[in-house]
Amino acid sequence: MVFCGRKLCSWVFVSLCSLFLVFTGPVELFAAEKTLRVGVTSFADTLEPTTQYFSWVISRYGIGETLVRFDEKGTPKPCLADSWECSEDGKSWTFHIREGVKFSNGNDMTPEIVKSSLERTFKLSKRASTAFFKYSSMEVEGQSLIITTPEPTFNVPGSLAEPLFIIVDTTADTDRFAMDGPICTGPYRVESFRASDTCIAVRNDHYWGGDVPFDRVEFKVIGDQVTREMALQAGEIDVAYNLKSGNAPTFADSSKFTTQSLPALRTTLAFMNQKGALGSKVLRQALIRALDRQTYVDVLLEGGATVGKAPIPPSLDFGFDDIVDPNSFDQDSARKLLSDNGYRDVDGDGYVEAPDGSPIDLNFVIYDSRAELGIYAQAAQINLREVGIKVTIDTVSYETMLDKQEAGDFDLIIWCVLAANTGDPENFLREYWRTYSKEAPNSNKAGYSDKEVDSLMDRLAMEFDPAKRRDLIVEIQQAIVDDAASVFFGCEVTYLFSSKKVTGLKLFPMDYYWMTKDVDIAE
Amino acid sequence: MRARFAVFAAMCVMVISVALLSPAIAPKGAFDATMRDSLKAPCAEYPLGADKMGRDLLSRIIYGTRASLSMSFAVVISVSIIGTFLGLISGYFGGFIDGVIMRFSDMMIAFPGMVLAIAIAGMLGSSATNAVIAVTAVTWPKYTRLSRSLVLKAKTSLYIQGARLSGATSGRVVFGYILPVIFPTILITAVTDIGSMMLELAALSFLGLGARAPSPEWGLMMNEARPYLARAPWLMVYPGVAVIMVVAVFNLFGDSLRDMLDPRHSG
């Protein structure tokens, strides 16, 4: 028996040892590779920077860089261009291109390649000229790139900081950018990319900006908020993006997790399609008055946002507090407004019909990758039911939502947007509220058109004095609010939760920089 | 045996009357919300708590009986009619028609049912009607095969041959003589299926492929409760309990009905 027991013991010992070897072996191998795992939500189907907003993902993952980048205060700072200046007439901008920068394939970044990269962007993305600026010529002079615009243009540097203008190596095989990742200058380069699964970035050995800490950064797409929360909790990932105020209690233990937050520059709003039932200003006004937005942000979002009122959030100094909302929350006046103008419930279903007797059922399109959008939409639906306006929510994917926006296939469509993606709200206002025309196409597919707003915007484009610009911007916002053009739900607070050992992670007001060379892990 | 049947039948009637009388029973409306009461724990005002939007969970569960029952009845009725009809034709006429119908049903059976239902519902877009269509589309072959085998057996019986010899038309034979014979078996199968159909429909809604917000549907309510699982577990638990109870009642009723109609089985 004793012998048997010993034999058994040694067998157990040997098997345990071999198990140990089996399980530790590969780990030992991988331990040499310093890896960071990041949980993200991703909307990029490919990594082609000129398609939709996919370039944001490329910038966030630390792969692509632009000529100019924003600092933590939202001020344009040198990046791939080390200085710039504007001519007297405001029509010509000279960017001095940084020397000694290499692409991740080892090629030198010359002003010629920068030029052809920007030209490629303007050619492939119509957003480049509609949402940012038009150029009449682009010329290389020594180490400088001179961009000339047909009209005086105030914010060329801020525009070029938008990830859409990421500099790519156009001498490389650009057809492979979509699936294999673009050749850029950031601290990391793409090793593999699977749209709805993972993107693996590895160190760019040719990086110009100093040491890059990680061998590998794994971006895991975890679309579901709860799953992403639990993945960080379990240590499966080190950083989790796009979590909300509701997740904060989970990561309250500051010995294990770091919580950062930033009153964001994001505005959540809903465009109202004036080509349908919402063409009536009375209905739009009643709709906005019915919404108890204070409760949405205080109770439903648990303080994860501040109440919206105007296009530009209060975190930017463009007169948020000076703007008067003629349609603040008041359900009684909403009901009165409806009944005074012939909106009555004729068929007794609890919802009003239009003055001509046709039923009203507003199609509210939202997308599913941001949890708070569903909350806003459902809360709005509840409030609108209380005043008798029927709303049906259509939840779709982000891509489908973009298609519907483009096609004008909505009554209300949710939009969660960085108000000052170029450091200045001019483009933002122009993109969504200037009258749409074939000559000057923009993203205003809701049919909003106001001559006064248009002329103010034209004046703004010519104005270079900051104080006067601010006044004009306030005036434009007030006109948009007076017209009840859109529903401004709230301005989200952005949260970032990470494991305590991750260092150097920062939240930027311009949400383009997630992975930088400064992000490291404490041993 | 009769007592058992009576008890379960009474319970079924109760569930159905809850569905029919929900406006009278529920303390509040299914859509009435007080947003300030978001995620309130069970208390006097909200016996089962309040959901994210501040709606009374008890009332929503009571109203949810309507959605669950009507959707599962719709599925069961449509699959038993479609499936039985196809089975009758294919079993009675045989030959080419039989081949076509059976190969088609083999094809449907070759896929795992729930996965196919998810695919169909995903393709059609999320709505209660589409969920019913999806589940129907994957369930009918079961009824077709069942009724076909019953028809094949009945077809060789003397009384059918007698009917044929006396000049009855095919329609008369199928619907007048064969259908009544196979009907009890189909009925038992249909009733026992109500529970599982209910689960499948709730599963589709849970995945976001069935009923749409804000309709009070148990699967959808559980889906909406997911983000608050740790903070407001009642939002997940009570709709789940409701599903379990109703499914159990219909399963037990189906079993006792089978025992009643088919005593050989009960041993």
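Treat the numbers as computed from the prediction; the structure is a model and nothing was measured. Chain naming here is simple, since letters A, B, ... match the order of the sequence lines and numbering starts at 1 in each.
- The shortest heavy-atom contact between A/V226 and B/P227 is CG2-CA, 3.5 Å.
- Residues of residues 239-257 of chain A placed with any heavy atom under 4.5 Å of a heavy atom in chain B are listed by number as A/G246.
- Between A/I393 and B/R212, the closest side-chain pair of non-hydrogen atoms is not below 4.5 Å.
- For A/D224, the part lying near chain B is the side chain, with the backbone staying farther off; criterion is any non-hydrogen pair under 4.5 Å.
- Counting heavy atoms of neighbouring residues, nucleotides and ligands inside a 6.0 Å radius, atom CE of B/M102 exceeds 12 of them.
- For B/F85, the CZ atom is loosely surrounded, since the number of other residues' heavy atoms within 6.0 Å does not exceed 12.
- Counting only heavy atoms from C-beta outward, the side chains of A/Q378 and B/E224 approach each other to under 4.5 Å.
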Should B/M35 and A/I382 be marked as a side-chain contact (heavy atoms from CB on, under 4.5 Å) after you check the CA-CA gap, both sets of side-chain angles, and the distance that decides it?
-> CA-CA 9 Å; B/M35 285 176 213; A/I382 288 167; 3.9 Å; yes
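- A/Q381 is not listed as a side-chain neighbour of B/M53, based on a closest heavy-atom distance of 4.5 Å or more.
- Contact of A/E229 with chain B is not made at all, since no heavy-atom distance falls under 4.5 Å.
- With hydrogens and angles ignored, the 3.5 Å screen pairs a side-chain donor or acceptor of B/K52 with a backbone N or O of A/L300.
- For chain A, the nearby parts of B/D32 are the backbone and the side chain; heavy atoms of each come within less than 4.5 Å.
- Residue A/K500 qualifies as enclosed at atom NZ: its count of foreign heavy atoms under 6.0 Å is above 12.
- For residues 243-253 of chain B, a heavy-atom distance under 4.5 Å to chain A picks out no residue at all.
- Here B/S38 contributes atom OG and A/D298 contributes atom CG; the two are 11.5 Å apart, rounded to the nearest 0.5 Å.
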